[in-house]
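Remember, it's 1-based here, ligands and their atoms both numbered in the order they're listed. Hydrogens, waters and symmetry mates play no part in the numbers below; they use all other heavy atoms, side chains included.
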Amino acid sequence: MGKDVIVACDFSSKEQVMSFLDRFDGCVRKPFVKIGMELFYAEGPGIVRDIKSRGHKIFLDLKLHDIPNTVKKAMSVLSGLDVDMCNLHAAGTKAMMTAALEGLTRPDGTRPILIAVTMLTSTDQRAMEEDLLIKEDIADVVMHYARNAKECGLDGVVCSPLEAQKVHAACGNEFLTVTPGVRFADSDKGDQKRVMTPEEAKKIGSDYIVVGRPITAAADPVAAYERCVREFVG
Ligand code: C5P
């Protein structure tokens, strides 16, 4: 699986996302597109088919977390939608992750890439201890969840670029790290606190970078995407 730049299309309507993607008409390299909850819940599964039919790969970022049987059935539906990558919460347990993989696997043995979310970056040590009653160090929890995902046969985790090396050291270089929090050296950080440039993310071994506003809010999104690809993929 090659390195790639995934563009977080955090738009709220089909109209907005399509007018953004129109800019890439005629480009040889079509961006790998991340569709999040907002767009998916607003537009339904048709949005996946519409974007796929324009030649884009899709990372459907719905972060499933439910009882194993429900997740298995939901994953089977996502697999039928022909997404290229999807995800779930590792906190849903190993039983849930194993069931998810079963649901995702098509009769011919193929399946989309399945990635686990470890601990959300919006959850800090205090919230984990006080709200979730998990007393361990958050970095250990993240690595434990990553190892659980690996043991269940998942393909990788979403993590900060700063954690990618540790994840690879614990789970192997084949285990994918999908990393948001990427900014160009000369661009605004926005609400992201700990960021890396595409070039730095490449050096520390990220497999996929997820980039939103530095591309979607750029004056020239195609040029920003191509710069990201140049810096990250080479
Ligand atoms: O616009 P920006 O580049 O910050 O977008 C990053 C994307 O990655 C968003 O879709 C955001 O929800 C997602 N993400 C993140 N941090 C995480 C997990 C996902 O920024 N820990």
Side-chain angles (χ1 to χ4, degrees), residues 4-13 16-17 20-21 31-43 47-48 51 56-65 83-92 113-125 127-128 138-139 141-143 145-146 149 154-164 166-167 176-202 204 206-229 231-232:
D4 210 348
V5 174
I6 301 178
V7 181
C9 285
D10 294 322
F11 298 105
S12 51
S13 71
Q16 287 170 345
V17 72
F20 171 74
L21 293 176
F32 200 134
V33 166
K34 179 168 90 76
I35 299 176
M37 290 187 205
E38 185 185 8
L39 186 60
F40 188 79
Y41 293 148
E43 299 291 350
I47 194 70
V48 173
I51 296 177
H56 299 271
K57 286 188 175 175
I58 305 282
F59 170 19
L60 190 57
D61 179 15
L62 298 182
K63 300 185 181 71
L64 274 66
H65 188 168
V83 300
D84 299 280
M85 184 186 287
C86 54
N87 60 1
L88 48 63
H89 277 283
I113 295 170
L114 183 59
I115 299 293
V117 173
T118 56
M119 192 58 72
L120 289 171
T121 46
S122 50
T123 306
D124 61 9
Q125 185 76 37
M128 204 182 68
I138 194 161
V141 175
V142 167
M143 292 311 300
Y145 284 8
L154 271 71
D155 302 296
V157 287
V158 180
C159 64
S160 141
L162 299 143
E163 291 162 352
K166 270 173 73 182
V167 169
L176 301 173
T177 51
V178 178
T179 62
V182 173
R183 290 293 178 268
F184 293 119
D186 50 5
S187 72
D188 185 14
K189 280 204 223 172
D191 51 2
Q192 296 282 14
K193 304 258 183 283
R194 301 185 307 147
V195 298
M196 270 195 191
T197 66
E199 216 165 7
E200 288 166 340
K202 176 184 182 175
I204 54 92
S206 291
D207 296 290
Y208 292 88
I209 51 173
V210 178
V211 188
R213 288 158 293 178
I215 295 173
T216 56
D220 184 345
V222 175
Y225 170 70
E226 286 173 348
R227 177 178 172 188
C228 246
V229 171
E231 288 190 17
F232 183 67

Colleague: So that I can tick it off, tell me whether Asp186 and Arg227 are bridged by a salt bridge, with the cut-off set at under 4.0 angstrom between side-chain N and carboxylate O.
Modeller: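 Between Asp186 and Arg227 there is a salt bridge, with a charged N closer than 4.0 Å to a carboxylate O.
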Colleague: Evaluate whether atom NZ of Lys166 has more than 12 neighbouring non-hydrogen atoms of other residues, nucleotides or ligands under 6.0 angstrom away.
Modeller: no
Colleague: Looking only at protein heavy atoms, which one is nearest to atom 9 (C) of ligand 1, and how far off is it?
Modeller: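 So the nearest neighbour among protein heavy atoms is Asp10 OD2, 3.3 Å.
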Colleague: Among protein heavy atoms, which lies nearest atom 19 (C) of ligand 1, and at what distance?
Modeller: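 Checked against all protein heavy atoms, atom 19 (C) of ligand 1 sits closest to Pro180 CG, 3.8 Å.
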Colleague: So is there a nitrogen or oxygen of Gly181 less than 3.5 Å from a nitrogen or oxygen in ligand 1?
Modeller: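 In fact, backbone or side chain, Gly181 has no N or O that close.
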Colleague: Are any side-chain N or O atoms of Arg183 and backbone N or O atoms of Val195, one a donor and one an acceptor, separated by less than 3.5 Å?
Modeller: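 A pair under 3.5 Å: no.
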Colleague: Which protein non-hydrogen atom lies closest to atom 21 (N) of ligand 1, naming both residue and atom, and how far is it?
Modeller: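 Residue, atom and distance for the closest contact: Thr121 OG1, 2.8 Å.
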Colleague: Measure the spacing between CG of Leu162 and OG of Ser206 and express it to the nearest 0.5 Å.
Modeller: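 Between Leu162 CG and Ser206 OG, I get 9.0 Å after rounding to 0.5 Å.
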Colleague: Within this structure, what is the NE2-CG distance for the pair His56 and Leu21, rounded to the nearest 0.5 Å?
Modeller: 4.5 Å
Colleague: Could you tell me whether Pro214 approaches ligand 1 through its side chain, its backbone, both or neither, with non-hydrogen atoms closer than 4.0 Å?
Modeller: side chain
Colleague: Give the residue, atom name and distance (to 0.1 Å) of the protein heavy atom nearest atom 12 (O) of ligand 1.
Modeller: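 Answer, as residue, atom name and distance: Lys34 NZ, 4.2 Å.
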Colleague: Pick from Asp4, Val5, Val7: which one makes a side chain to side chain contact (heavy atoms under 4.5 Å, CB included) with Ile209?
Modeller: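 Of the listed residues Asp4, Val5, Val7, the side chain to side chain contact (heavy atoms under 4.5 Å, CB included) partner of Ile209 is Val5.
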Colleague: Measuring from atom CE of Met37 to atom CG of Asp10, what distance do you get when rounded to the nearest 0.5 angstrom?
Modeller: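 Rounded to the nearest 0.5 Å, the CE-CG separation comes to 11.5 Å.
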Colleague: Within ligand 1, which atoms have a heavy atom of Ala8 less than 4.0 Å away?
Modeller: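 With Ala8 as reference, the close atoms of ligand 1 come out as 7 (C), 10 (O).
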Colleague: Could you tell me whether some N/O pair between Lys63 and ligand 1 is separated by less than 3.5 angstrom?
Modeller: no
Colleague: Would you check if the side chain of Thr177 reaches a backbone N or O of Asp207 as a donor-acceptor pair within less than 3.5 Å?
Modeller: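 Yes, because the side chain of Thr177 sits within donor-acceptor range (under 3.5 Å) of the backbone of Asp207.
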Colleague: Can you list the atoms of ligand 1 that are under 4.0 Å from a heavy atom of Arg213?
Modeller: 1 (O), 2 (P), 3 (O), 4 (O)
Colleague: Which residue and atom name correspond to the protein heavy atom nearest atom 6 (C) of ligand 1, and how close is it?
Modeller: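 Checked against all protein heavy atoms, atom 6 (C) of ligand 1 sits closest to Gln192 NE2, 3.9 Å.
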Colleague: Within the structure, is a non-hydrogen atom of Gly190 found at a distance of less than 4.0 Å from ligand 1?
Modeller: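 The answer is no, since Gly190 has no heavy atom less than 4.0 Å from ligand 1.
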Colleague: At a 4.0 Å threshold, what atoms of ligand 1 neighbour a non-hydrogen atom of Gly212?
Modeller: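 Near Gly212, the atoms of ligand 1 are 1 (O), 2 (P), 3 (O), 5 (O).
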Colleague: What atoms of ligand 1 come within less than 4.0 Å of a heavy atom belonging to Arg183?
Modeller: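 Counting atoms of ligand 1 from 1, those under 4.0 Å from Arg183 are 1 (O), 2 (P), 3 (O), 4 (O).
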Colleague: With side chain to side chain contact (heavy atoms under 4.5 Å, CB included) as the test, pick out the partner of Asp61 among Val158, Asn87, Ile6.
Modeller: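 Testing each of Val158, Asn87, Ile6 against Asp61, the sole residue satisfying side chain to side chain contact (heavy atoms under 4.5 Å, CB included) is Asn87.
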